[in-house]
Protein chains: 2
Amino acid sequence: MTVERNDTKNKILDIAEGFIVKGGYNAFSFRDIADAVGIKSASVHYHYPTKGDLVSAVMGRYTRDFSELLPNPNDDKFDPKMLLDGFIKGFKDKVVDQRDMSLCTMLTSNKAILPESVGAELAAFYQLILDWLSQVFVRLDPINKDSGLILASQLLACLHGASILVQGTNQSEFFDHALSEWRSRYL
Amino acid sequence: MTVERNDTKNKILDIAEGFIVKGGYNAFSFRDIADAVGIKSASVHYHYPTKGDLVSAVMGRYTRDFSELLPNPNDDKFDPKMLLDGFIKGFKDKVVDQRDMSLCTMLTSNKAILPESVGAELAAFYQLILDWLSQVFVRLDPINKDSGLILASQLLACLHGASILVQGTNQSEFFDHALSEWRSRYL
DNA sequence: TATATTCTATCTATCACTAGGTAGGTAGAA
DNA sequence: TTCTACCTACCTAGTGATAGATAGAATATA
């Protein structure tokens, strides 16, 4: 496990993630990635034999990074409102500042045509996020786990939808508009 | 203008819409459409010279159909709550019953890689929908047009996001969960 | 009315190009 | 010497798109 090995492998993932976020599963090729990395397409296949392998590696890393980034929702030293606010801010960064859709939104819209391995990684991501948000909501309000999940799905839908709206209208104000009710209720 | 002529043209649009809704702009080919219609791909090009022409025709028809379907939001014989409920129901039909994403959600997620002509059709659709919803909200509450637009964008984001959530988790309950707050507030 | 012309909707065949993927080779590091 | 990370060269199967032909319907003209 030299440093170089991981560098190329990660660079491929970085660039693939950028392409996916821009146009989805079918909007890039091994050659696109090879050109961007500065190697040949056969070498990309060396690291990730099939496109499914590549994209599920991208999604897997995304989930792993997320799970490391998210604080323990039950740790008393974190205020739940702050956790929620941080989550929303992270999303907004992607959608408004970088004018990208989230990897998750993008791949979900492609779900019907994805290899099964990518679908599994996506499901794991939703599990992680919904679970985390549920726990935050349970701490925020004296509610049970089921109600926490409902609130979690409301917020997550709102965020996904806001990013669609920003992308579709080219007006980033819509992100804050779409979330204003949410903010005034919980933050 | 024989009947037959329009039949093929519309059949192509029907089938193209189905493919787009399933996998987006890059997930189908002229041959896929030709096979489904029962003609050759060259004949599809005869009706719609380029892929951009084809997809913007699909989106254009979608917008036209929508604008004919939506009742006049200022007509006193329609209760605004009923208008809103009908709109949400229509969306739910697509997302939950047919397990599809809306054409609009799908193409928006592909926006960065779409030909400019399709982007223009998409923008026209957002204009139509946001305008219609705004007017309904203005009738529902004694608010100004700006507040109406904000509520419109909140609902539209919620609907888009709910469809993403359903697609991503494979659990259609999330549609109603994501909209429950909305429903209890306005319906 | 009969003939000539044009148009429509399709075909076959092909273009240049790109897709994902593979076989086999090679320089250098372990 | 074996392994890693790359290469060149290639394959098959498509991609969007075009050229040129044709049967039949519609239209214009003699």
Side-chain angles (χ1 to χ4, degrees), chain A residues 1-20 22-59 61 106-107 110 112-119 121, chain B residues 1-20 22-59 107 110 112-119 121:
Chain A
M1 302 272 181
T2 64
V3 179
E4 278 175 53
R5 172 141 95 229
N6 279 315
D7 272 354
T8 303
K9 280 194 96 132
N10 280 319
K11 205 172 169 189
I12 291 172
L13 294 185
D14 290 342
I15 286 166
E17 184 169 336
F19 277 121
I20 297 166
K22 195 179 158 216
Y25 187 82
N26 276 309
F28 71 98
S29 69
F30 276 78
R31 280 164 183 83
D32 291 331
I33 289 177
D35 289 348
V37 176
I39 58 179
K40 298 291 166 177
S41 73
S43 309
V44 182
H45 281 285
Y46 167 79
H47 293 287
Y48 303 97
T50 70
K51 201 175 185 180
D53 292 334
L54 170 57
V55 177
S56 59
V58 170
M59 193 65 219
R61 185 184 66 165
M106 194 69 227
L107 282 180
N110 285 166
I113 53 154
L114 292 177
E116 207 269 314
S117 61
V118 184
E121 291 291 346
Chain B
M1 300 273 181
T2 65
V3 179
E4 279 175 52
R5 173 142 93 231
N6 278 314
D7 273 353
T8 302
K9 280 194 94 130
N10 279 319
K11 205 171 169 191
I12 291 171
L13 294 186
D14 290 342
I15 286 165
E17 184 169 336
F19 277 121
I20 297 166
K22 194 180 159 217
Y25 188 81
N26 277 308
F28 71 98
S29 70
F30 275 78
R31 278 160 184 86
D32 291 332
I33 290 176
D35 288 349
V37 177
I39 56 179
K40 298 292 165 174
S41 73
S43 308
V44 182
H45 281 285
Y46 168 78
H47 293 287
Y48 302 99
T50 71
K51 201 175 186 181
D53 293 333
L54 170 58
V55 177
S56 59
V58 170
M59 194 62 219
L107 282 180
N110 284 167
I113 54 153
L114 293 177
E116 207 267 315
S117 61
V118 185
E121 291 290 345

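Order of the sequence lines sets the chain letters (A, B, ...), proteins ahead of strands, with each chain counted from 1. Note that the structure is predicted; figures quoted are calculated from it, not measured.
- If you take CG of A:N26 and P of D:dG16, they are 11 Å apart, rounded to a whole angstrom.
- No donor-acceptor pair closer than 3.5 Å links the side chain of A:K51 to the backbone N or O of A:P115.
- The stretch residues 37-45 of chain B touches DNA chain D through B:A42, B:H45, each having a heavy atom under 4.0 angstrom from the strand.
- The main-chain N or O of A:G24 is never found under 3.5 Å from a side-chain atom of A:N110 such that the two would form a donor-acceptor pair.
- Looking at residues two or more places apart in sequence or on another chain, you find no side-chain hydrogen bond (donor to acceptor under 3.5 Å, both in side chains) involving B:S117.
- The shortest side-chain heavy-atom distance between A:V55 and A:L107 falls under the 4.5 Å cut-off.
- Between D:dC11, D:dG16, D:dC6, one nucleotide has an atom nearer to the side chain of A:R31 than all others, and that is D:dC11.
- Take A:S29 and apply the side-chain hydrogen bond (donor to acceptor under 3.5 Å, both in side chains) test, not counting sequence neighbours, and it matches A:D32.
- Within the 4.0 Å cut-off from OP1 or OP2 of D:dC6, not a single side-chain nitrogen or oxygen of A:Y46 is found.
- The interatomic distance linking A:I33 (CD1) with C:dA19 (P) rounds to 11 Å, in whole Å.
- The CZ-C1' distance, from B:F28 to D:dG16, rounds to 11 Å in whole Å.
- Contacts between residues 50-58 of chain A and DNA chain C, defined by a heavy-atom separation under 4.0 Å, are made by A:T50, A:K51.
- In this structure, A:D35 places its CG atom 11 Å from P of C:dT18, rounding to the nearest Å.
- Nearest heavy-atom pair across B:K22 and A:A112 is O-CB, 3.5 Å.
- Counting any heavy atom pair closer than 4.0 Å across all strands shown, A:Y48 reaches no nucleic acid atom.
- A search for ring-ring contact (aromatic ring centres under 6.0 Å, His included) contacts involving A:Y48 returns nothing, not counting sequence neighbours.
- In terms of the salt bridge (Lys or Arg N to Asp or Glu O under 4.0 Å) criterion, residue partners of B:D14 (sequence neighbours excluded) are, by chain and number, B:R61.
- Taking every side-chain heavy atom of B:D32 into account, D:dT15 is the closest of C:dG20, D:dT15, D:dC6.
- Counting only heavy atoms from C-beta outward, the side chains of A:L54 and A:F28 approach each other to under 4.5 Å.
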